[in-house]
Amino acid sequence: DVKVTQSSRYLVKRTGEKVFLECVQDMDHENMFWYRQDPGLGLRLIYFSYDVKMKEKGDIPEGYSVSREKKERFSLILESASTNQTSMYLCASSPNGAPITEAFFGQGTRLTVV
Amino acid sequence: GENVEQHPSTLSVQEGDSAVIKCTYSDSASNYFPWYKQELGKRPQLIIDIRSNVGEKKDQRIAVTLNKTAKHFSLHITETQPEDSAVYFCAASRTDSSYKLIFGSGTRLLVRP
């Protein structure tokens, strides 16, 4: 079974704090993603990484950065948390190659910024 | 940039009826179209996918159709059951330059017993 594990299920942080969300996958997948899920807005892509140290901005990268130093780990960083970053964050991973195959999701981290 | 639009945002059907969810995509180079189901409090999970060299795919009560010319694809669920109640997401991806996966905004399906 593919496993994508996010370090925390729930987090409460204060405005202005630097926040790290960690994601680890155990299937040697090249691609890793961070999404934000808000009611009515679906899954919005924050950042995407297709290889170690490689990253690409998604639709809503402002206020976020990412780090991928090892293939299995993809970190999302909120440089200075704000209340509008209160949301559910989902990590996913998928393999490269043809034919393209499914992405697997972590269990999600519900972040509340107060 | 790439965009995927999904309709309707909510859908309520009587048990046993059919449900149809529609998506359109903007990037003509997209060639992979998965559908995910997210039950309450759980992670999204793939239920069916279709690639651009196929026009239709079926798996028991669910089917997906793809119209590349119109850049449109749809999910069809027949004989709906209460356990089909969930949020459904369509997505699009391409494999020529990156494997970025872009999702639609989701459809909340309620199947009334």
Side-chain angles (χ1 to χ4, degrees), chain A residues 1-6 9-10 23 25 27 29-51 54-62 66 68 74 87-110, chain B residues 1-11 21 23-27 29-54 57 59 64 86-109:
Chain A
D1 267 357
V2 173
K3 280 194 180 167
V4 181
T5 305
Q6 294 181 228
R9 193 72 191 266
Y10 300 95
C23 176
Q25 50 95 4
M27 281 302 291
H29 286 171
E30 290 81 8
N31 305 310
M32 296 189 75
F33 310 81
W34 274 107
Y35 293 92
R36 172 175 169 161
Q37 183 173 18
D38 299 289
L41 297 178
L43 299 167
R44 292 182 292 166
L45 182 64
I46 305 172
Y47 266 99
F48 161 58
S49 171
Y50 50 91
D51 202 349
M54 306 304 287
K55 62 185 179 185
E56 194 173 311
K57 291 181 180 179
D59 297 324
I60 51 166
E62 297 78 18
V66 290
R68 190 152 180 217
F74 191 35
S87 187
M88 171 68 83
Y89 291 88
L90 285 162
C91 173
S93 74
S94 71
N96 276 358
I100 188 171
T101 56
E102 70 179 287
F104 294 87
F105 282 86
Q107 78 276 27
T109 296
R110 184 164 294 283
Chain B
E2 305 95 329
N3 186 46
V4 177
E5 293 192 1
Q6 183 172 347
H7 299 281
S9 57
T10 59
L11 180 59
I21 302 170
C23 290
T24 58
Y25 59 98
S26 62
D27 186 353
S30 295
N31 56 4
Y32 176 66
F33 306 92
W35 286 88
Y36 284 78
K37 176 183 180 182
Q38 186 179 30
E39 296 177 347
L40 192 62
K42 296 191 176 180
R43 68 192 77 191
Q45 292 194 297
L46 182 78
I47 54 171
I48 195 167
D49 57 14
I50 191 167
R51 295 178 173 81
S52 58
N53 58 347
V54 175
K57 184 177 178 180
D59 182 4
V64 58
V87 178
Y88 292 81
F89 294 98
C90 63
S93 182
R94 55 189 288 181
T95 56
D96 58 343
S97 59
S98 77
Y99 292 79
K100 187 189 293 187
L101 190 59
I102 303 297
F103 283 85
S105 54
T107 296
R108 183 172 297 278
L109 174 64

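Labels below follow one simple rule: chain letters A, B, ... track the order of the sequence lines, proteins then strands, and each chain is numbered from 1.
When heavy atoms are compared at a cutoff of 4.5 Å, B:Q38 approaches chain A solely by way of its side chain, counted from C-beta outward. Within the 4.5 angstrom heavy-atom criterion, atoms from both the backbone and the side chain of B:P44 approach chain A. Using a 4.5 Å cut-off between heavy atoms, A:Q37 touches chain B through its side chain atoms alone.
Within 6.0 Å of atom CD in B:Q45, 12 or fewer heavy atoms from other residues, nucleotides or ligands are found, so the atom counts as exposed in its surroundings.
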Audit row: B:K57, B:D49, salt bridge (Lys or Arg N to Asp or Glu O under 4.0 Å) steps and yes/no: CA-CA 8 Å; B:K57 184 177 178 180; B:D49 57 14; 2.9 Å; yes
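Of the listed residues (A:D59, A:L45, A:L90, A:L43), the one with the most heavy-atom contacts under 4.5 Å to chain B is A:L43. Most heavy-atom pairs under 4.5 Å with chain B: of the set A:G106, A:A92, A:G58, this distinction falls to A:G106.
The aromatic rings of B:Y36 and A:F105 stand perpendicular to each other, their planes meeting at an angle above 60°, with 30° marking the opposite boundary. Taking the six-membered ring where the residue is Trp, A:Y35 and A:F33 present parallel rings, their angle staying beneath 30° rather than reaching 60°.
Under the 3.5 Å distance criterion, the side-chain polar atoms of B:T107 are left unmatched by any main-chain donor or acceptor of B:T10.
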